[in-house]
Asks: 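My questions will all concern the structure given below.
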Number of protein chains: 2
Amino acid sequence: MLFIRMVERKNDRIAEDRLSEILKAASDPTRRQILTLLAQHGPMRVTDIHRQFEISLNAISKHIKVLERGGLVVRRTEWREHMIEVQMDPLRLVDDWFAGLRSIWALRLEALDVLITDKGENDD
Amino acid sequence: MLFIRMVERKNDRIAEDRLSEILKAASDPTRRQILTLLAQHGPMRVTDIHRQFEISLNAISKHIKVLERGGLVVRRTEWREHMIEVQMDPLRLVDDWFAGLRSIWALRLEALDVLITDKGENDD
DNA sequence: GCATCAATCAACCATGTGGATGAATGATAA
DNA sequence: TTATCATTCATCCACATGGTTGATTGATGC
């Protein structure tokens with residue numbers, strides 16, 4: 001049957017790590033707020049983002065770095081100002097992993113259903 | 001316009017927390033492996049899950065508790081054995097949040113496009 | 001009763017995380 | 001040059017996390 005595992009090798013170790021980074025980045029409420037803010041307002045400077053929160057500028061800077069590592073945000077450093085822009089693409093990796101999990105799950109139920117039906121036909 | 005924010009109140013503080021729990025639970029590679037395993041094999045005992053990993057039974061037990069807190073797994077304690085079952089429903093919360101973010105983003109681009117078009121019409 | 005099995009609890013350890021503050025870098029503006 | 005602004009770097013702190021080992025709880029089977 002050559003499951004989804006077909007492509008799964010050392011290559012996917014990286015994808016796994018990427019997924020972890022993305023999910024971890026998205027798992028913090030403050031970081032999700034930052035993403036929402038950026039989606040609404042478009043590219044913003046670190047300071048402008050900071051203005052919307054109670055916490056220190058440094059904390060914001062750190063959060064942005066985490067988001068950056070997850071690829072959920074890109075930074076265009078224009079001279080002294082860093083423009084931060086939200087990046088939707090990585091979310092697809094999560095979508096895909098969810099889809100994969102769901103299909104594995106559905107496949108099992110399907111197989112189970114066939115088994116039961118077969119048994120019913122043979123046993124009756 | 002009464003954005004998506006319509007329903008956003010103290011009620012959504014809980015939803016936010018739920019989302020954080022789910023994403024944090026999913027952000028660990030071992031926990032994702034456990035989910036995949038459960039999706040493939042159906043409900044399993046803690047010990048059986050443990051058999052598939054190198055780490056200690058206790059570590060597995062802890063991971064399961066995290067998954068449980070995120071609702072990604074449910075536990076049916078049948079006498080001394082705890083049957084662990086994967087639960088797909090919470091993933092929808094993540095899907096929905098992604099969808100929301102994407103739509104906010106798309107809406108902004110759309111509005112921006114209208115602005116540019118208007119400007120073009122008036123300025124030319 | 002006693003050994004065994006399934007699972008958790010308790011403690012501990014190293015490391016990571018979210019926050020703060022203060023100093024440093026680097027460019028702009030006076 | 002000096003002051004100011006945007007941002008990061010360096011520390012520090014409290015607490016969470018992923019892992020370990022050892023003890024504990026409860027039910028099973030002899």
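For the numbers below, each heavy atom of this structure counts, side chains included, while hydrogens, waters and symmetry mates do not. Chain A is the first sequence line, chain B the second, and so forth, proteins listed ahead of strands; every chain is numbered from 1. Note that the structure is a prediction, hence the values are computed from the model and not measured.
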Asks: Could you tell me the separation between the CD1 atom of B/I60 and the P atom of D/dT20, rounded to a whole number of Å?
Replies: 9 Å
Asks: Looking at A/E110, I want to see if its CD is surrounded by more than 12 non-hydrogen atoms of other residues, nucleotides or ligands under 6.0 Å.
Replies: no
Asks: Return the value, rounded to whole Å, for the distance between atom NE2 of A/H50 and atom P of C/dA20.
Replies: 8 Å
Asks: Could you tell me the separation between the CD1 atom of A/I49 and the P atom of D/dT7, rounded to a whole number of Å?
Replies: 9 Å
Asks: Roughly how far, to the nearest 0.5 Å, is the CD atom of A/Q87 from the CG atom of A/L72?
Replies: 8.5 Å
Asks: Go through C/dA20, D/dT7, D/dG18 for me and flag the one nearest to the B/H63 side chain.
Replies: D/dG18
Asks: Ignoring hydrogens and geometry, is there a side-chain-to-backbone donor-acceptor pair from B/H41 to B/T36 under 3.5 Å?
Replies: no
Asks: Measure the distance from CG on B/D28 to C1' on D/dG19 and round it to the nearest whole Å.
Replies: 11 Å
Asks: Could you tell me the separation between the CD1 atom of A/I64 and the C1' atom of D/dC9, rounded to a whole number of Å?
Replies: 15 Å
Asks: Does A/D89 pair with A/R92 as a salt bridge, N-O distance under 4.0 Å?
Replies: no
Asks: If I take atom CD1 in residue A/I55 and atom P in nucleotide C/dT17, what distance separates them, rounded to the nearest angstrom?
Replies: 16 Å
Asks: Is a salt bridge present between B/R102 and A/D95, judged by a nitrogen-to-oxygen distance below 4.0 Å?
Replies: yes
Asks: Go through residues 65-73 of chain A and report each residue with a non-hydrogen atom lying under 4.0 Å from DNA chain D, sorted by number.
Replies: A/K65
Asks: Side-chain N or O of A/H82 versus OP1/OP2 of D/dA6: is the shortest distance under 4.0 Å?
Replies: no
Asks: Which part of the nucleic acid does B/A59 contact within heavy-atom distance under 4.0 Å: base, sugar-phosphate only, or nothing?
Replies: base
Asks: Check every atom of D/dT17, D/dT20, D/dT7 against the side chain of B/S56 and return the nucleotide holding the closest atom.
Replies: D/dT20
Asks: So, the side chain of B/R31 versus the backbone of B/H63: is there a donor-acceptor pair under 3.5 Å, distance only?
Replies: no
Asks: Let's see if you can work this out: which of D/dG19, C/dG19, C/dA6 has an atom nearest to the side-chain heavy atoms of B/T30?
Replies: D/dG19
Asks: Report the nucleotide, chosen from C/dT8, D/dA6, D/dT11, that has the shortest atom-to-atom distance to any side-chain atom of A/K62.
Replies: D/dT11
Asks: Less than 3.5 Å between a donor and an acceptor, one on the side chain of B/N58 and one on the base of D/dT21, is that the case here?
Replies: yes
Asks: Respond yes when some side-chain nitrogen or oxygen of B/R31 is under 4.0 Å from OP1 or OP2 of D/dG18, and no when none is.
Replies: yes
Asks: Select one nucleotide: of C/dA7, C/dT21, D/dT7, the one nearest the side-chain heavy atoms of A/L57.
Replies: D/dT7
Asks: Quick one: is D/dT7 close enough that its OP1 or OP2 comes under 4.0 Å of any side-chain N or O from A/S61?
Replies: no
Asks: Using a strict cut-off of less than 4.0 Å between a Lys/Arg side-chain nitrogen and an Asp/Glu carboxylate oxygen, indicate whether B/R32 and B/D28 qualify as a salt bridge.
Replies: no
